[in-house]
Amino acid sequence: MAVLIGMSSTVKGKKYELTHNETFIGRVRQNQIPIEDASISSRHCSIVCDEHKFTLVDLGSTNGTRLNGAVITKAGLRPKDIIQVGNVELMFDGQDVEVDTNSASDTAQIEIMAEPVHIPQNFHTASPFGNRKDNRKPWVILTIGLIMLVVAALVFFIVRMFSN
C-alpha cells in the first residue's frame, strides 16, 4: 500500500494511506488529505493511482507543487520521493508501487526553476499576526506593557504612602 509520510513540523510523522484512485491534497476538509497551512491552496494537488503506478498532478495551486525540489505540473512518483505542497513536505513510499521507466512524459513536464518560489507579500494568512511563529511578538509586547503598568502603579502608591 502506498502512503505519504509527513516530514514537516505541522504533519511530521503522520501517515496518509493512498486508498483512492485519486487522492486530493489541500487546505480544506473536503480533501482526502486536508492540511491546514496558509501556503497550501484549497485543492492544491492530487495523486492519481493507475493500478500500482502513482502520478502527482498540480491542480493550478498558487505556490506550486514540487517533486524532489523541482516544480511540476504532472510527474510519476517513486518510493522515497519528496513532495512539497506550499511549505509542507511529504515523503511518498510504498512496497507495491510500480515505477514506469518507459514514461517520457514524466520528465517532460518537470519545470526546473532558477530560484525558489516565494510567497507574495500580499499573501493572506489565516491569522492577522502572520504565521504561528510570528504571533508571539504582540503577546510579549502586551505582557511587558502590563508589567510596566503594574510596577508604575506600585511605585506611585509607595511614594504617596511615604510622602504624608
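Because the structure is predicted, anything quoted here is derived from the model rather than measured.
Proximity of a side-chain donor or acceptor of Gln84 to a complementary backbone N or O of Arg66 within less than 3.5 Å is not detected. For Arg27 (side chain) and Ile40 (main-chain N/O), a donor-acceptor pair under 3.5 Å exists by modelled atom type. For His44 (side chain) and Gly64 (main-chain N/O), a donor-acceptor pair under 3.5 Å exists by modelled atom type.
When the options Ile144, Leu146, Val150 are evaluated for a side-chain contact (heavy atoms from CB on, under 4.5 Å) with Met148, the one that passes is Ile144. When each of Ile5, Ile35, Val3, Asp81 is paired with Leu90, the side-chain contact (heavy atoms from CB on, under 4.5 Å) condition holds for Ile35 and for no other.
Separation of atoms CG (Asn63) and CG (Asp58) is listed at 10.0 Å; rounding is to 0.5 Å. Interatomic distance, CE of Met91 versus NZ of Lys15, reported as 8.5 Å (0.5 Å rounding). With values rounded to the nearest 0.5 angstrom, Thr55 atom OG1 is found 9.0 Å from Lys53 atom NZ. Annotation: the span from Arg78 atom CZ to Glu98 atom CD amounts to 13.0 Å, rounded to 0.5 Å. With rounding to the nearest 0.5 angstrom, the CZ atom of Arg160 is 14.0 Å from the CZ atom of Phe162.
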Stepwise, does the side chain to side chain contact (heavy atoms under 4.5 Å, CB included) test hold for Leu4 with Ile25? CA-CA 11 Å; Leu4 290 179; Ile25 302 170; 3.7 Å; yes
Would you check, one step at a time, whether the test side chain to side chain contact (heavy atoms under 4.5 Å, CB included) holds for Leu77 with Ile47? CA-CA 9 Å; Leu77 291 172; Ile47 297 177; 3.9 Å; yes
How far apart are the C-alpha atoms of Glu22 and Ser46, what are their side-chain angles, what is the distance that settles it, and do they pass the side-chain hydrogen bond (donor to acceptor under 3.5 Å, both in side chains) test? CA-CA 6 Å; Glu22 186 169 19; Ser46 70; 3.0 Å; yes
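Annotation: side chain of Phe54 is in contact with side chain of Val97 (closest heavy-atom distance under 4.5 Å). Taking the side chain as every heavy atom from C-beta outward, Ile72 and Leu56 approach each other to under 4.5 Å. In this structure the side chain of Leu18 reaches within 4.5 angstrom of the side chain of Ile33, judged on heavy atoms. In this structure, Thr19 and Gln32 have side chains that are not in contact, with every pair of non-hydrogen atoms separated by 4.5 Å or more.
Residue Phe24 is grouped with residue Val57 when hydrophobic side chains (ILVMFWY) are merged at heavy-atom distances under 4.5 angstrom, including chains of intermediate members.
Shown here for Ser42 and Val28, the closest heavy-atom pair between the two residues is O-CG2, 3.4 Å. Nearest heavy-atom pair, Thr62 versus Ser41, reported as atom, atom and distance to 0.1 Å: N-OG, 3.0 Å. Taking both residues in full, the closest heavy atoms of Gly94 and Pro79 are given as O-CG, 3.9 Å, listed atom of the first, atom of the second, then distance. Leu67 approaches Gly76 most closely through the heavy-atom pair CD2-O, 3.7 Å.
Comment: Lys80 engages Asp93 in a salt bridge, judged by a side-chain N to carboxylate O separation of less than 4.0 angstrom.
Between the side chains of Ser8 and Glu89, no donor-acceptor pair is found at a separation under 3.5 Å. In this model, a donor atom of one side chain and an acceptor atom of the other lie less than 3.5 Å apart for Ser39 and Asp37.
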